[in-house]
Each structure stands twice: as C-alpha cells, then as structure tokens.
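A short write-up of the structure that comes next.
Side-chain atoms are counted along with the backbone in the values below, which use heavy atoms only and exclude waters and symmetry mates.
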Amino acid sequence: MKKLVLLIFTVSMGGGIAASAQEVSQQKLDSLNQALSDMSARVKETEAAESNRAIWKDRSKYFNLNYVNQKLSPDIDGWDKLGGGELKSDFGAAIVWGKTYYLHKKPLAGMIKFGIDWSWMDLNYAQYKVEAYDYDTDELYSEKAHQLEYGMQIGPSVTINPVHHLKVSAYFRVTPSYSMMYLNDEFYHHYATFCNTGFAVAWKVLSVGCEWRWGKASYDGLGLNLDDLEGDYSDGDFSGDIPSADDVLTDLQDLKLKTKSFRVYFSFRF
C-alpha cells in the first residue's frame, strides 16, 4: 500500500514539473515572438521615416535653369484692331531658386502632399530685336531691346508620389518683381506683379518642367509715338469698336506693357 501511494505521488510530481516546464517554455516563446514583432515594427517605422526623408525632406529645395520664350505688347484696348503686333524674344533665360514647405508630415493616402512654394530668386531675362524707321536717312534699322526682372515667387503647390522616387507636382505662384528695360539707349524700370503656373516631373535629384508667366508694368518714362503704329490714324478715321486717336494718344502717354512668357526648365532638387 505504501509503495502504491509513493508511486502515485511520484507520478503526480513529475506531471506537475513537466507542465510547469512547458508553461515556462511557452512564455519564453511568446516573449521572443513579441520582441521580434516589436523589432519588425521599429524596422518598418525606421524605413518609412527614411523613405519620407529621402523622398520629401531631402528634395524640398529646387534650382531651375529655364529657357524662356517671351512676348511683349502694349496694354491698350483695341491694340489688335489698330494693327499693332507684339515683340517676340530672340533669346531668353531664367534662374529660379527656392523651396517647398510642406503643410503636413505624412503624405495623404501615402502619396500626396500640399505645400507652399517660396522662390527667393526669380531672375528672368529676354532679348528682342526692334525694327525702327530713320526719317533722316529714309531707312529701316534694327536694334536690341533687353528686359530683365528680379522677383520672388510664393504660392500653393500639390505633389504626388505615385511610386518609389517619382514625383509629379503642380503649382500657382504670385511673383512681385522689379522690372527693367533697356531700349533706345535709355533705361526704364518699374514694379511689376507677375503670375506663374506650371507643373514638373521629378526623379530623385533631377526634374523637368514647364510654366506659363504673365504680367504687366508701366515703365517710368517709356512711351510710344503714333507714328510707330501700323496704318494712318492721324485723321482719327476709326470705326466700330476701334478707339479714337485721342484715346490712343492718352494711352500711349501712360503706357503699360504686357509680358507673356513660356518657360521650359531643367531642375535640381536637393
């Protein structure tokens, strides 16, 4: 009888020890799995932060080298009906340098960010060929006109990152500028407000884009003579919606010039 009781006690103790050892092993396994899970989550979080930094923060600045196709014309009602044309640039170039300040840290839907673009330098130059008539020699001659603006752009933008480091952006910016013109051996200047809108495609550090730019300014001391207009309007023989000669003369005394530009650029983002 004693032997039977001892046997039952020994078996019970052995079973309890085995169960306890199994429970300890399961706890260690659960702890190891939790540690691996936490480590994997931290790795993914680090990778996401690194990807966000590489795609967005490290590529928020831009330096654009632009080819400029620009047109210049008087801001006069009925100018086209008067037979007036517009000057087209022979050559144009621009440099734009700025940064995009994103309004939120994490991209919406994992790929969209809204921001404010601030370009602290927008230097735009265009050269024109101007033809004029010399009444003394009764000959046509040509000379160069130069137009230069320095401004700062600011405005909203939206950027989409559909895959890897590819980004597509669109923007609209207002550009307060100081505009200068050299024509007929004279220097003219004035404040001007331009608007810029465009889009760009970027892959890592390289980007290409295009934009449209427009504005107008009244240059100090710059005017035109009615003799420069095509046709004979000295007798005031106008019809329909064409303005009178007196109205045209008044406009020319306070002349504003409209500038329209199309710019294609190659850009570095850093």
Check step by step if side-chain contact (heavy atoms from CB on, under 4.5 Å) holds for Asp75 and Leu257. CA-CA 5 Å; Asp75 183 28; Leu257 294 180; over 6 Å; no

Does NZ or CZ of Lys167 fall inside the cone over Trp56's six-membered ring, less than 6.0 Å from its centre and within 45° of the axis? yes

Do the side chains of Met152 and Trp118 get nearer than 4.5 Å, heavy atoms only? yes

Closest approach of Glu86 and Ser73, non-hydrogen atoms and distance? CB-CB, 3.7 Å

Note, Gln153 side chain near Arg213 side chain (heavy atom, < 4.5 Å): no

Answer yes or no: is there a side-chain heavy-atom contact under 4.5 Å between Tyr125 and Val68? no

Closest heavy-atom pair and its distance - Gly115, Thr100: CA-CG2, 4.4 Å

Linking I/L/V/M/F/W/Y whenever any side-chain heavy atoms sit under 4.5 Å apart, do Tyr102 and Val158 land together? no

Between Asp122 and Asn196, does a side-chain contact (heavy atoms from CB on, under 4.5 Å) hold up when you go through it step by step? CA-CA 11 Å; Asp122 182 347; Asn196 302 58; 3.9 Å; yes

Pair His189 and Phe187, ring centroids less than 6.0 Å apart: yes

Distance-minimising heavy-atom pair for Tyr191 and Ser177: CD1-O, 3.3 Å

How about Arg263 and Asn124: does a side-chain donor come under 3.5 Å of a side-chain acceptor? yes

Atom OG of Ser169 and atom CZ of Arg269: how far apart are they, to the nearest 0.5 Å? 6.0 Å

Quick check: closest heavy atoms across Trp120 and Tyr150, and the distance to 0.1 Å? O-OH, 3.2 Å

Take atom NZ in Lys61; do more than 12 heavy atoms of anything else shown fall under 6.0 Å from it? no

For Asn64, run the side-chain contact (heavy atoms from CB on, under 4.5 Å) check against Trp97, Tyr265, Phe266, Phe268 and tell me which one passes. Tyr265

List the steps and the verdict of side-chain contact (heavy atoms from CB on, under 4.5 Å) for Glu143 and Asn184. CA-CA 8 Å; Glu143 61 180 347; Asn184 296 327; 2.2 Å; yes

For His146 against Lys144, the heavy-atom pair lying closest together: NE2-CB, 3.8 Å

Side chains of Met181 and Tyr128 in contact at under 4.5 Å (non-hydrogen atoms): no

Side chain proximity check, Tyr178 to Leu148, heavy atoms < 4.5 angstrom: no

Is a donor on one side and an acceptor on the other found under 3.5 Å between the side chain of Ser261 and the backbone of Trp212? no

I'd like a table of donor-acceptor pairs (distance under 3.5 Å, sequence neighbours excluded) in which one partner is a side-chain atom from residues 199-209, with atom names and distances.
residue: Ser207; atom: OG; partner: Val201; partner atom: O; Å: 3.1

With side chains defined as the heavy atoms from C-beta onward, is the minimum distance between Thr193 and Thr175 less than 4.5 Å? no

Can you name the one residue among Glu149, Gln147, Lys71, Gln70 that meets side-chain hydrogen bond (donor to acceptor under 3.5 Å, both in side chains) with Thr259? Gln147

Testing the basics here: between Pro156 and Ile116, what is the closest heavy-atom pair and its distance to 0.1 Å? CA-CD1, 4.1 Å

Measure from the side-chain N and O atoms of His164 to the backbone N and O of Leu166, and report whether any donor-acceptor pair falls under 3.5 Å. no

Are a donor atom and an acceptor atom from the side chains of Tyr219 and Ser179 found within less than 3.5 Å of each other? yes

CA sep, side-chain torsions, deciding dist, call: Trp214, Lys258, side-chain contact (heavy atoms from CB on, under 4.5 Å): CA-CA 7 Å; Trp214 66 95; Lys258 294 190 297 185; over 6 Å; no

